[in-house]
2 protein chains.
Amino acid sequence: MSRATRPRTRLTRAEQQEQTKARLLASAAELFAERGVNGASVEQIAEHAGYSRGAFYSNFADKQALVATLLMERTRHEAEEVGAIVLNPEASFDERMETLRAWHRARAVHAREWLILRTELWLHAVRTADRGLLDRIEERERFARQMLAEGIATAFTTPGTEPTPPDDPAFLGLIMHALEDGLLIQRLIAPEGTSDTVVVDAVDLLIRSWKALGRENAGSSS
Amino acid sequence: MSRATRPRTRLTRAEQQEQTKARLLASAAELFAERGVNGASVEQIAEHAGYSRGAFYSNFADKQALVATLLMERTRHEAEEVGAIVLNPEASFDERMETLRAWHRARAVHAREWLILRTELWLHAVRTADRGLLDRIEERERFARQMLAEGIATAFTTPGTEPTPPDDPAFLGLIMHALEDGLLIQRLIAPEGTSDTVVVDAVDLLIRSWKALGRENAGSSS
DNA sequence: GTCTATAAAGAGATAGAC
DNA sequence: GTCTATCTCTTTATAGAC
């Protein structure tokens, strides 16, 4: 059995298949961003990953299965990373926010591709009305909103200045999250007037504005 | 000549062709929203409009030409309508805003389809890197931002309360516009926590927040 | 101006060799 | 597990009838 002769230098069967699967997924992500889910054929995905159509079909039942896997993998991966940062109990709020900003900066390199891919995927999920896909997406969006809501709530309590946000934190988190995506889209399709710091600039302005409104509300009610 | 016998009751040749073209465009808009630009075939578009493939190709050079026409037609139409409302010199600011809100309410019925179609079209333009299409889209976005910027600026001068918005009106307009789209997307893919008045609620909160911040800035600088 | 028929290319998916 | 060959269906686009 040739497998026993080199147990470490080469990948095991299972590892190699995982590698093939991962390469196909990465290839699909690239091509989906570039040509859309419908615009990228199975042959192109396989070839771009260095395989043939046969390899594709021995790793995924069909094209739809690959789309589902890609969406779930990316969503879970992202949620885990952001979750690990934001929920880290050993870091202060400021430290966590700084780490999160760094994470966003690192991601910004592929912001365009990631935004297009994400858009392509939700569009695909909405169109196919696939409940499994839609549930995953919904979960991701709720998670993002909630993280932002908690961050905002913390921003209002930490400095010991104003005790009350001017509205439900969940609503403020929703606004922040929606704004981020909206700004990234604007930056993609109408870049004029959008610096590369628009998102953080906008977030900063909103926090300051809400603090001002919070102070006014507190003042008038006391 | 049978044409001369009923000069009014039936459409002229040119009118009929315009009607065919319009029907094909409407059909394409529906199917694009439903299945994506790549997912809707020429045959499906033609058949759904009540024609055959032949009729399609005698009205459009190819599929790409239809996409371009659709995008330009919708963009121009929308800009004209909104422009006519917002730039109406005979109406007061409040009247114009009320008319605009009514326009948005009327559109809300097809909000889902319109959002998906718009997303599908910008995605298609970005992917094909078609400069003509991209320029049209960019124009539309700039126009929307500018209208909002003017509306916000007016909101700060009309009541005679605070003279200065807390930031460049163009930036505030960008935020409002991005936020609108972002919220509509959130409402589509993760409706939980988004009432059917989220957009107007968010806009209202932001205006109030910016006014509060503007008052603070004015107070501290005087 | 619109329809029917058809050409030519590309898609998804399967079967069998290795 | 991956490749090559192949089947079948759909696609875009054109040509010629009416």
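Quick note on labels: first sequence line is chain A, next is B, and so on, each numbered from 1.
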### Atom-to-atom span, CD of Glu47(B) to P of dT11(D) - whole angstrom
11 Å
### Distance, rounded to the nearest Å, where Glu43(B) contributes CD and dT6(C) contributes C1'
13 Å
### Query
Do Asp167(B) and Trp210(B) touch side chain to side chain, with heavy atoms closer than 4.5 Å?
no
### Summary
From CG of Leu31(B) across to P of dT10(D) the rounded distance in Å is 17 Å
## Note on the structure
Here the distance between atom P of dT14(C) and atom CZ of Phe60(A), to the nearest Å, is 15 Å
Under 3.5 Å, which N/O atoms of the protein pair with N/O atoms of nucleotides 1-5 of chain D?
unit_1, atom_1, unit_2, atom_2, d
dT2(D), OP1, Thr20(A), OG1, 2.5
dT2(D), OP2, Asn59(A), ND2, 3.1
dC3(D), OP2, Ser52(A), N, 2.9
dC3(D), OP2, Ser52(A), OG, 2.7
dC3(D), O5', Ser52(A), OG, 3.3

### Query
Which nucleotide in the list dT12(D), dA13(C), dA11(C) gets nearest to the side chain of Asp62(A)?
dA13(C)
### Query
dT11(D) phosphate, OP1 or OP2: any side-chain N/O from Gln44(B) under 4.0 angstrom?
yes
#### Entry: Rounded distance (Å) that lies between atom C1' of dT14(D) and atom NZ of Lys63(B)
18 Å
### Message
Quick one, Gln44(A) and Arg35(A) - any side-chain contact, counting heavy atoms below 4.5 Å?
### Response
yes
### Query
Below 4.0 angstrom from OP1 or OP2 of dA11(C), is there any side-chain N or O of Ser41(A)?
yes
### Query
Within a strict 4.5 Å, meaning less than it, do heavy atoms of the Glu180(A) and His104(A) side chains meet?
yes
### Task
Examine distances only and state if a side-chain atom of Thr75(B) and a backbone atom of Leu71(B) form a donor-acceptor pair shorter than 3.5 Å.
yes
### Task
Take the protein atom OH of Tyr57(B) and the nucleotide atom C1' of dT11(D), then report the distance between them rounded to whole Å.
8 Å
### Query
Are side-chain heavy atoms of Arg118(A) and Asp181(A) found at a separation under 4.5 Å?
yes
### Message
Quick check: do Arg107(B) and Glu81(B) have side-chain heavy atoms less than 4.5 Å from each other?
### Response
yes
